[in-house]
A.B. asks: 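Handing you this structure, nothing more for now.
Every heavy atom of this structure was used, including side-chain atoms; hydrogens, water molecules and symmetry mates were not. Numbers restart at 1 for each chain; the letters A, B, ... are given by sequence-line order, proteins then strands.
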Protein chains: 2
Amino acid sequence: MKEKSTSFDIAFRAGVSQSTVSRALRNSPLVNEATREKIQAIAKELNYKVDKNASSLRSQHSDTIALLLFEDPTNDDSAINPFFLSMLGSITRACSNRGYDLLVSFQQASEDWHADYEDSNKADGLILLGYGDYLSYEEKLLKLLDQETHFVRWGAEVKNLPLISVGCDNYQGGIEVADHIIKQGRKQVAFLGTASSHAPEFFDRYKGYCHALENHGLKVNADLQFNALYTEDAGYKAACELIASGEQFDAIFAACDLIAVGALRALQEHNITIPEQVSLVGFDDIAIASFTFPSLTTVKQDTQLAGELLVETLLTMIQGGEAKTTLIAPELVIRKSS
Amino acid sequence: MKEKSTSFDIAFRAGVSQSTVSRALRNSPLVNEATREKIQAIAKELNYKVDKNASSLRSQHSDTIALLLFEDPTNDDSAINPFFLSMLGSITRACSNRGYDLLVSFQQASEDWHADYEDSNKADGLILLGYGDYLSYEEKLLKLLDQETHFVRWGAEVKNLPLISVGCDNYQGGIEVADHIIKQGRKQVAFLGTASSHAPEFFDRYKGYCHALENHGLKVNADLQFNALYTEDAGYKAACELIASGEQFDAIFAACDLIAVGALRALQEHNITIPEQVSLVGFDDIAIASFTFPSLTTVKQDTQLAGELLVETLLTMIQGGEAKTTLIAPELVIRKSS
DNA sequence: CTGAAAGCGCTTACAG
DNA sequence: CTGAAAGCGCTTACAG
């Protein structure tokens, strides 16, 4: 490597002290304008860049955020849910708009994803992203809280913990799906997705859906709910179970698009026509949803907005401000599958 | 924030010097085993984490890699090509498997994406990712080279520059597509994609395709090549131009899947049946390709392997080893559109 | 507006 | 195997 220049080299060339160089480079108003321009010109000429390690060490903040993307341990290594990939994109953008760097890390749910990014001063705060069974993480979340780590989560609220989150209004999303399906005259709606606190987002969608069914005077048939977590395979299997169960159904609400895509495959293999015999609705609006045949009716979560809010909320916390949990409005996108 | 503990706190509690703590925490063989265990126990109890800024500053390496994802400036903000999102996923995994952190940054092609991650000591090296017009970046690449920055690129080779890259064998991919199409009896093959050094990956695919056509005694009809860059919209427009041109064609080779998806839409709007009237083949094998109707024949690039190779190559360079450019073998995936 | 000095929290020769 | 000391390259009171 070439010899790296330091602020002392610049100070020497400019004939000023190193402190003045440091000030000039950060555009401190304390520095005479001519001096500042001269110093900045020399810095540019020498290709000088402030050493982030030294500056972070001294100032005790890194202007960096860490994104921890955690996944269900049952997921295989190859595929990340496209929904989170899209969130990752919007978070990256939101950070760079604010001059923050983003450290990305994947965590198996089993690992120490509470990690040490902030403890080790690599990041000023954390974003936690993933569909998740927060029940099993409770201990780790408590530890984060205990250490006064700055962090925001994406997802459903966790009861009894004072966590700051940004999430989709899943309950409302469930209502909109059920309303839509019922408006089309369907009466026997199956739900494919784990409906328990182990999948809190799905559970909220389920509760909203149940609420809407009852509002329309329909009874919720618990036999029409089949567990499935996050993946296309899980959706395929759940739909096969549904078909094998012999229960009558004329509509399916899949807890996420990947589940819907798996269900679609199962239905087609059984020569069940969509939407004629069965309406199918998903959740997330991943890119694939526009391309399935028939295209998938689903609930869009605004990932662009979500990324902005996550970053903004976290920065508020880092700066010592009062942050609060936000819910994003879901948006029903009607396509050909319903 | 709570009082953060330092290696001196641990030294004090353990009754040893701070140097010994530092050694024990990094599992130096110089430290007595009992001492080491005692120190590590105390560190754990105090929730102590080594300060990365201090340690990187002192040791002059950060065990961090920066990923610069750059995009064509014509792209709108909302969508990142799913292919790169998938690469991002595999790179993240490959880094974490090797104990490296990953800093992610999006760059507009117009910006200083040669950036200062390594200059500022935030990262030990760079991965450059993006379809790209390397011609216009040549100056920046030269600067990276000049500064002896450690970096690997994803993509096509750049003539006359000693760059280390990992890329797909796009030329071979083009050959396989053409062979496949011709084997099906098609003779008038259109190419949708910019065929110039401004899109080197596409150009290589085009050249392989031309080579194969000629090998089969077919003449390449330059009127059947329509420019298009990276996006579904561009594919849609190019296909519309092709249809409007009045040229006869019975197959389309789209330079990437997003272009193919756009072309598919255009063909369907014109009631052209696939694959009966026209065969359609893409490139990349993004997730969407399995879900279009009909599903898309395409060329798969192994993103898992690509991520591994990119990271491995870069680490070799960082460690002062001899790294070399690698090509990944493309794999034709035949589906229903051809 | 500028400079001299301290110190952020480590790692690593050096000496024993 | 251990400790005392230097120093990585900055930022920031403090003094002028």
A.B. asks: Distance alone, cut at 3.5 Å: any donor-acceptor contact between the side chains of B/N121 and A/N53?
C.D. replies: no

A.B. asks: Hey, which of A/L67, A/L310, A/L144 is the one that makes side-chain contact (heavy atoms from CB on, under 4.5 Å) with A/L128?
C.D. replies: A/L144

A.B. asks: Output yes when at least one side-chain N/O atom of A/T20 is less than 4.0 Å from OP1 or OP2 of C/dC1, else no.
C.D. replies: no

A.B. asks: Can a donor-acceptor pair be found, under 3.5 Å and without considering hydrogens, that links the side chain of B/S165 to the backbone of B/W154?
C.D. replies: no

A.B. asks: Sugar-phosphate means primed atoms, P, OP1 and OP2; the rest is base. With that split, encode nucleotides 9-16 of chain D 5' to 3' as B, S or - using protein heavy atoms under 4.0 Å.
C.D. replies: BBBBBB--

A.B. asks: Please step through side chain to side chain contact (heavy atoms under 4.5 Å, CB included) for the pair A/L163 and A/L145, ending with a clear verdict.
C.D. replies: CA-CA 8 Å; A/L163 301 172; A/L145 244 21; 3.8 Å; yes

A.B. asks: Under a 3.5 Å cut-off on both pairing distances, which runs of 3 or more consecutive Watson-Crick or G-U pairs involve DNA chain D?
C.D. replies: C:1-3 with D:14-16, C:5-12 with D:5-12, C:14-16 with D:1-3

A.B. asks: Assess, by modelled atom type and distance only, whether the side chains of A/Q18 and A/S7 contain a donor and an acceptor separated by less than 3.5 Å.
C.D. replies: yes

A.B. asks: Could you give the CD-to-C1' distance, from A/E33 to C/dT2, as a whole number of Å?
C.D. replies: 17 Å

A.B. asks: Side chain to side chain contact (heavy atoms under 4.5 Å, CB included) with B/S17: which residues, sequence neighbours excluded?
C.D. replies: B/S19, B/T20

A.B. asks: Just do the side chain to side chain contact (heavy atoms under 4.5 Å, CB included) check on B/Y117 and B/T64 with the steps written out, would you?
C.D. replies: CA-CA 10 Å; B/Y117 286 103; B/T64 300; over 6 Å; no

A.B. asks: Using only heavy-atom distances, determine whether the side chains of B/T303 and B/S86 contain a donor-acceptor pair under 3.5 Å.
C.D. replies: yes

